[in-house]
Amino acid sequence: MQDILEQLEARRDQARLGGGQRRIDAQHSKGKLTARERIEVLLDEGSFEEFDMFVAHRCVDFGMETQKYPGDGVITGWGTINGRMVYLYSQDFTVLGGSLSETHAAKICKIMDMAIKNGAPVIGLNDSGGARIQEGVAALGGYADVFQKNVLASGVVPQISVIMGPCAGGAVYSPAMTDFIFMVKDSSYMFVTGPDVVKTVTNEIVTAEELGGARTHASKSSVADGAYENDMEALFEVRRLVDMLPLNNREKPPVRPYFDSHSRIENSLDTLIPDNTNAPYDMHELVRKLADEGDFFEIQKDFAKNILTGFIRLEGSTVGVVANQPMVLAGCLDIDASRKAARFVRFCDAFEIPILTLVDVPGFLPGTSQEYGGVIKHGAKLLFAYGEATVPKVTVITRKAYGGAYDVMASKHLRGDFNYAWPTAEIAVMGAKGATEIIHRSDLGNDDKIAAHTKDYEDRFANPFVAAERGFIDEVIMPRNTRVRVARAFASLRNKQLSNPWKKHDNIPL
Ligand code: HXC
């Protein structure tokens, strides 16, 4: 009997060694953790339960029958993050470069099925040379099986991808279909084709880092939601994110103990808006002053900086924040900002996370590059996303809410539940100067008259009261009271029930 138990231990030890000590050392020398070390960092201590440790591939081509590693290059299972269940897979680059075989894919699909059934997030730690070349179409089929599961899981359980090594070809499309992608700087890459193919086809010479490194995807392409310094930081940030999210679409977001006063008055907010209405101020300051303990988990912070998206807690409950940022492009909505915010709003709505919208927007960014790039369709994404969202929606207009952008940013007309404005709000079709130059075109050239008309327009519209008279603004609130008012509003909406007409699915302008 003792022999049998020892055999199991020996088999386990062999599986835990992955591709062997030499390759583990090579992994470490690149500044990367191994697949198992990553799991240890990500999960609560001792909580990991492994599946399929002894699964082996079935390939007999190209001498593969002699190259079998228990587990077949991916570690799968479940565990907890701060006591809450998650499923995960972690690709082991030391085994055949973490390449995806038919059986490797089947292991991933198995835990995804379990995650959907049991209602817990799926976290994928990706470090793989792509489809296992020796397996050919069997590996391609494996990828497609994973893609299909990603689609079925979308909107049912949160899916988070961490890119911690190469990720090329079809390997990028599974992460691309998940809710969040985190990358590690200088050791992770995502591209459809690598630098060599790029050079052959387009003659462009580009490094892997420039083409598909973490900085590129976090700041230029928006494929990644965050770029982190090393494996440890990326994994700790995943823990922080998971803490904010519900486990599935049937659950409310978690409520955590908080150490902040629910009646906190922020006098400094009364002077946040500069006297000059065109001067910028940092919207981060408002977000942090509203949030419990000033904690803001920002999503896509390096992309489309004219809009902020991310999660805060209010009285312990998760709230998604979308906020125009007057420091960048004066807070205008453009293609990138609309896409970024639309996707975030849809995530929140899919997972019952209430949305707080902070508005200071002078309109959509004009110009040929925006029009040729399809700003109409991309702007419509955000409009559509807010319009279809049934979660609690609280909006605060701090300053400008001009034109179509006023409508888009969770206005009353898009079923905003609480629409507040600060006394500094200006809700109008456009800025006073632009408006005057159109409706008093005949006076152009007469500076005194134009100045008088502009003043007249400002007096009439550069305030929140015209909108408040119509009930488009529920109340004009003191800036210093915003945290209290917003938290009370969300508390009153905890049992909100609203549903859209039955449909197979909508047809959001993609
Ligand atoms: C089988 C692979 C492999 C793969 C790497 N290895 N990629 N084995 N299939 N796809 C093996 C290597 O042979 C090597 O084995 C070990 O993994 C480590 O690889 P190295 O090349 O030594 O590592 P490194 O120098 O760090 O380079 C990593 C790499 C490179 C950039 C990922 O290995 C690479 O370019 N691999 C091929 C990538 C690729 O073209 N994949 C197919 C993509 S197409 P030993 O035994 O020496 O340790 C695709 C289509 C899917 O994925 C479409 C789905 C729709």
Side-chain angles (χ1 to χ4, degrees), residues 17-35 38 56-75 89-109 112 124-151 161-178 183-201 206-214 216-217 223 231:
L17 213 52
Q21 195 58 46
R22 181 176 60 83
R23 292 192 182 92
I24 291 174
D25 293 343
Q27 178 87 346
H28 285 156
S29 70
K30 292 180 200 156
K32 292 159 69 179
L33 299 176
T34 64
R38 287 168 178 162
H57 70 75
R58 300 183 206 105
C59 181
V60 288
D61 293 314
F62 304 103
M64 284 300 283
E65 63 279 13
T66 61
Q67 286 201 63
K68 292 210 176 194
Y69 298 88
D72 203 24
V74 65
I75 300 156
Y89 69 87
S90 180
Q91 290 178 315
D92 185 351
F93 191 80
T94 69
V95 174
L96 300 162
S99 58
L100 183 135
S101 66
E102 189 181 13
T103 39
H104 177 128
K107 284 181 69 172
I108 296 175
C109 289
M112 290 181 74
L125 309 182
N126 295 266
D127 189 356
S128 164
R132 177 127 0 123
I133 293 164
Q134 296 89 335
E135 287 206 4
V137 71
L140 295 187
Y143 263 128
D145 291 341
V146 176
F147 301 158
Q148 180 65 65
K149 300 286 177 204
N150 287 131
V151 174
S161 302
V162 194
I163 313 298
M164 313 187 88
C167 194
V172 295
Y173 282 107
S174 171
M177 283 191 290
T178 61
M183 293 184 74
V184 180
K185 290 180 191 167
D186 302 317
S187 62
S188 74
Y189 308 96
M190 294 179 81
F191 26 66
V192 173
T193 51
D196 295 344
V197 179
V198 170
K199 182 161 183 296
T200 313
V201 177
V206 65
T207 63
E209 187 63 34
E210 283 164 356
L211 184 65
T216 296
H217 285 310
V223 166
D231 285 12

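Along the sequence shown, residues are numbered consecutively beginning with 1. Indexing begins at 1, ligand by ligand and atom by atom, following the structure's order. Everything numeric in this text was worked out from a predicted model, so none of it was measured.
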Exercise for review: Report yes if the side chains of Asn126 and Tyr89 come closer than 4.5 Å at any heavy-atom pair, otherwise no.
Suggested key: yes
Check ligand 1 against the protein and report each N/O to N/O distance under 3.5 Å, formatted as atom name, atom name, distance.
unit_1: ligand 1; atom_1: 9 (N); unit_2: Ile133; atom_2: N; d: 3.1
unit_1: ligand 1; atom_1: 10 (N); unit_2: Gly129; atom_2: O; d: 3.1
unit_1: ligand 1; atom_1: 10 (N); unit_2: Ala131; atom_2: O; d: 2.9
unit_1: ligand 1; atom_1: 17 (O); unit_2: Gly97; atom_2: N; d: 2.9
unit_1: ligand 1; atom_1: 26 (O); unit_2: Lys30; atom_2: NZ; d: 3.3
unit_1: ligand 1; atom_1: 41 (N); unit_2: Gly129; atom_2: O; d: 2.7
unit_1: ligand 1; atom_1: 46 (O); unit_2: Arg23; atom_2: NH2; d: 3.0
unit_1: ligand 1; atom_1: 48 (O); unit_2: Arg23; atom_2: NE; d: 2.8
unit_1: ligand 1; atom_1: 48 (O); unit_2: Arg23; atom_2: NH2; d: 3.3
unit_1: ligand 1; atom_1: 52 (O); unit_2: Ala131; atom_2: N; d: 3.0

Practice item. Check salt bridge (charged side-chain N to carboxylate O under 4.0 Å, His left out) between Glu209 and all other residues, then give those that pass, not counting sequence neighbours. Key: Arg215
Review point. Heavy-atom distance under 4.5 Å between the side chains of Tyr173 and Val192, does that happen here?
Key: yes
Practice item. Output yes when a side-chain donor or acceptor of Lys30 lies under 3.5 Å from a complementary backbone atom of Ser187, and no otherwise. Key: no
Review point. According to the side chain to side chain donor-acceptor pair (under 3.5 Å) rule, which pairs have a member within residues 62-71, sequence neighbours left out?
Key: none
**Study point:** Any residue meeting salt bridge (charged side-chain N to carboxylate O under 4.0 Å, His left out) with Asp72, in chain and number order, not counting sequence neighbours
**Key:** Arg132
